[in-house]
Amino acid sequence: MMLKLFTLLNLIFISLVNVQLVEAKIRRYKWEVKYEYKSPDCFRKLVITVNGRTPGPTILAKENDTIVVELKNSLLTENVAIYWHGIRQKGTPWFDGTEGVTQCPILPGETFIYRFVVDRPGTYLYHAHYGMQREAGLYGSIRVAPEKPEPFSYDYDRSIILNDWYHKSTHEQATGLSSIPFQWVEEPQSLLIQGKGKFNCSQLTAPSLNVSSFCDASKPECSPYVLTVVPGKTFRLRISSLTALSALSFQIEGHNMTVVEADGHYVEPFVVQNLFIYSGETYSVLIKADQDPSRNYWATTNVVNRPPKTPPGLAILNYYPNNPKRLPPTAPPPGPYWDDVQPRLNQSLAIKAHQNFTTPPPPISDRLILFLNTQNLVNGYRRWSVNNVSFNLPNIPYLISLKNDLTQAFDQTPPPNGFNLTSYDIYNIPENRNGTASSAIYRLSFNSTVDIVLQNAKYNENGSTSETHPWHLHGHDFWVLGYGEGKFDMYKDPRKYNLVNPIMKNTVPVHPYGWTALRFQADNPGAWAFHCHIESHFYMGMGVVFAEGIERLGKLPSSIMGCVGH
Ligand SMILES: *[C@@H]1O[C@H](CO)[C@@H](O)[C@H](O)[C@H]1NC(C)=O
Ligand SMILES: *[C@@H]1O[C@H](CO)[C@@H](O)[C@H](O)[C@H]1NC(C)=O
Ligand SMILES: *[C@@H]1O[C@H](CO)[C@@H](O)[C@H](O)[C@H]1NC(C)=O
Ligand SMILES: *[C@@H]1O[C@H](CO)[C@@H](O)[C@H](O)[C@H]1NC(C)=O
Ligand SMILES: *[C@@H]1O[C@H](CO)[C@@H](O)[C@H](O)[C@H]1NC(C)=O
Ligand SMILES: *[C@@H]1O[C@H](CO)[C@@H](O)[C@H](O)[C@H]1NC(C)=O
Ligand SMILES: *[C@@H]1O[C@H](CO)[C@@H](O)[C@H](O)[C@H]1NC(C)=O
Ligand SMILES: *[C@@H]1O[C@H](CO)[C@@H](O)[C@H](O)[C@H]1NC(C)=O
Ligand SMILES: *[C@@H]1O[C@H](CO)[C@@H](O)[C@H](O)[C@H]1NC(C)=O
Ligand SMILES: *[C@@H]1O[C@H](CO)[C@@H](O)[C@H](O)[C@H]1NC(C)=O
Ligand SMILES: *[C@@H]1O[C@H](CO)[C@@H](O)[C@H](O)[C@H]1NC(C)=O
Ligand SMILES: [Cu+2]
């Protein structure tokens, strides 16, 4: 009875919160970031929390509100920076939160104030952007309510972040990735749904270990996430992924999902049983609670693209007023076959801008940049590269060195604008795998229209497939002009671009042995990272930086310059 009452109150409370959103214009948050022992998947380890929680608090705002986050770094011996994923930071490029690109790190004990406008409705995220801290647990949701009516309706609104989870610390992982011999992070131990998973503690038995002291499946903390629905009602689920590595599918037993939003843009609705989702993406789906209300159902997430060694993540879709803890009577539905690229490509192709919310791209672009994704050896270290160049962050953040003409701060040679694909075999790795590393950046003419084509290839001698890379752009949304299989043909393929109703996104997958074409307007003065959203890949150099319109920027706030000598 108590549980039922609690659930009902919870539903009422959420409705009240939604109503309250209408008035305030400045939303202030005081956050303290620190390490704490937590057991998100029953295994106890040090995680980074925001105000004691992981995922951190959800930011609820209305279109054009100003968000002010006063962030105290209580990590004791570690820097931090928080990135506002999907927020374009028009006029405030210094509050993007990307350490090394837009700001100096926030030192232990320091308080830093982020202040920015959420100028579009939609589903966004925040997460650490320093080292590999994101996967230590520093992440959460941003939900921006619209001023205008949306092209769909629903009764309740929920945010669910999917994640994968490692038991090793990020420091141990980073050390392995930057060692000779290279030590890969391997597959994650668990999948988390809204911060909750279940690792099988029995796998840890060893005579000398008291496993229950650090892995305890009976902890309420790692009970499955419960999504309570009211029969007959329609729920908007804002599903996002912040995985460190995994590409995921998400499904709800017995319920189809209608996709209505992607990365803050309304989608021409389409129905899926499995939603494929890559790290850095956000979607809204609608589900109707129209199944047998006398039982509960599974919500599951599975690894795709890599041979799954991680068990599925499980949550419970609870039909009110059933007991939310009652397990569904059926076995969780299996995920799609991990190595089947076709349905994933199909989903990518199915995502189009909603007919009433279409902003067509400029018909032609001013510049085409081709990025070939490869794994290289740089002085014997294994690195990810584009066009044979692996990215190194400089000591002084680009925004500061660009604004102050500190030409010594990073490599001034322009990086390669493309790669000769004619002579490159994407299905084999080259005999000479050596590459170089550089901190050079791409300077874009202000307000020019830029096309990017990302080309995938086989990545190492053991990989049977090439890997899906979700590329994420800071400071802009891009139009997704097309996806293709095989090698991009610079003369033929652009004729097939969708220039009519392409979706705009900030994160997009590049499928195995395929290419993805994007277009964006370089209209946001600042320095912006564009990188693979897989945590270890970006750490290994899979990214670039674009700079545009720096001369249009006013004085930079001194708060971002803590690492620069005066
Ligand atoms: C929010 O701000 C943007 C950019 O200034 C503007 O285009 C938009 O119309 C504003 N929205 C509302 C509801 O005022
Ligand atoms: C799209 O716009 C048309 C014309 O204004 C309107 O009739 C229709 O209801 C709209 N569709 C949706 C789904 O909002
Ligand atoms: C947990 O692991 C143990 C030991 O490997 C195994 O016997 C058991 O079947 C596993 N349980 C589940 C639910 O997978
Ligand atoms: C194992 O750890 C649990 C939980 O910390 C504790 O209650 C129990 O006494 C320990 N058992 C032994 C044999 O040390
Ligand atoms: C889900 O969609 C599939 C394919 O369109 C359809 O066969 C199935 O009946 C639908 N299931 C429900 C519960 O609506
Ligand atoms: C993918 O889409 C194509 C064309 O629409 C269709 O023929 C095919 O059956 C789809 N494949 C899958 C696996 O969904
Ligand atoms: C690749 O670089 C290594 C040094 O890291 C060097 O020993 C080797 O000769 C290079 N290979 C080729 C083919 O240039
Ligand atoms: C690309 O490589 C091909 C084959 O090696 C060569 O014929 C062509 O001239 C190269 N193109 C450019 C622009 O260098
Ligand atoms: C990549 O760069 C390395 C080092 O400069 C060079 O040896 C190699 O030939 C380049 N590879 C390709 C495919 O251009
Ligand atoms: C950028 O270019 C577009 C046309 O492509 C124009 O409408 C817009 O005013 C320009 N913006 C700025 C800030 O110059
Ligand atoms: C490929 O596999 C072999 C044998 O397992 C291993 O020694 C080697 O390091 C692997 N190479 C890469 C690039 O993963
Ligand atoms: Cu990647």
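Remember, predicted model here, so these are calculated numbers, not experimental data.
Annotation: side chain to side chain contact (heavy atoms under 4.5 Å, CB included) contacts of Ala136 (sequence neighbours excluded): Ile48, Thr170. For the side chain to side chain donor-acceptor pair (under 3.5 Å) test, no residue two or more places apart in sequence or in another chain qualifies with Glu172. In terms of the side chain to side chain contact (heavy atoms under 4.5 Å, CB included) criterion, residue partners of Cys222 (sequence neighbours excluded) are, by chain and number, Cys42, Lys198, Lys219. Shown here are the side chain to side chain donor-acceptor pair (under 3.5 Å) partners of Ser218, two or more places apart in sequence or in another chain: Asp216. With sequence neighbours left out, the side chain to side chain contact (heavy atoms under 4.5 Å, CB included) criterion links Ser240 to Leu125, Ile161, Thr282. Partners of Phe538 by ring-ring contact (aromatic ring centres under 6.0 Å, His included), not counting sequence neighbours, listed by chain and number: His129, His531. Contacts of Gln183 classified as side chain to side chain contact (heavy atoms under 4.5 Å, CB included), with partners at least two apart in sequence or in another chain: Lys168.
Counting only N and O atoms by type, the side chains of Trp471 and Asn373 include a donor and acceptor under 3.5 Å apart. A donor atom on one side chain and an acceptor atom on the other are found under 3.5 Å apart for Asn210 and Ser212.
Residue pairs that meet the ring pair (Phe, Tyr, Trp, His ring centres under 6.0 Å) test with at least one member in residues 180-207, sequence neighbours left out, are His167-Phe199. Listed by first and then second residue, the salt bridge (Lys or Arg N to Asp or Glu O under 4.0 Å) pairs involving residues 272-295 are Glu253-Arg295, Glu281-Lys505 (not counting sequence neighbours). Judged as a salt bridge (Lys or Arg N to Asp or Glu O under 4.0 Å), the pairs with a partner in residues 127-136 (not counting sequence neighbours) are, in order, Arg134-Glu535. Within the structure, every pair that satisfies the salt bridge (Lys or Arg N to Asp or Glu O under 4.0 Å) test and touches residues 184-197, not counting sequence neighbours, is listed here: Glu187-Arg306. Residue pairs meeting the disulfide bond (SG atoms under 2.5 Å apart) criterion with at least one member in residues 181-218, sequence neighbours excluded: Cys201-Cys215.
You'll find the ring centres of Phe276 and Phe250 outside the 6.0 Å limit. Aromatic pair Tyr297/Tyr319: centroids less than 6.0 angstrom apart. Aromatic pair Tyr126/His85: ring centres not closer than 6.0 Å.
Around the NZ atom of Lys45, the shell of radius 6.0 Å holds more than 12 heavy atoms that belong to other residues, nucleotides or ligands.
Aromatic ring pairs are classed by plane angle as parallel below 30°, tilted from 30° to 60° and perpendicular above 60°; the pair Tyr83 and His472 is perpendicular.
Contact between Tyr513 and Ile426 at its shortest, heavy atoms only, is CE2-O, 3.4 Å.
In this structure, Arg44 forms a cation-pi arrangement with Tyr37, its terminal cationic atom sitting closer than 6.0 Å to the ring centre and no more than 45° off the ring axis.
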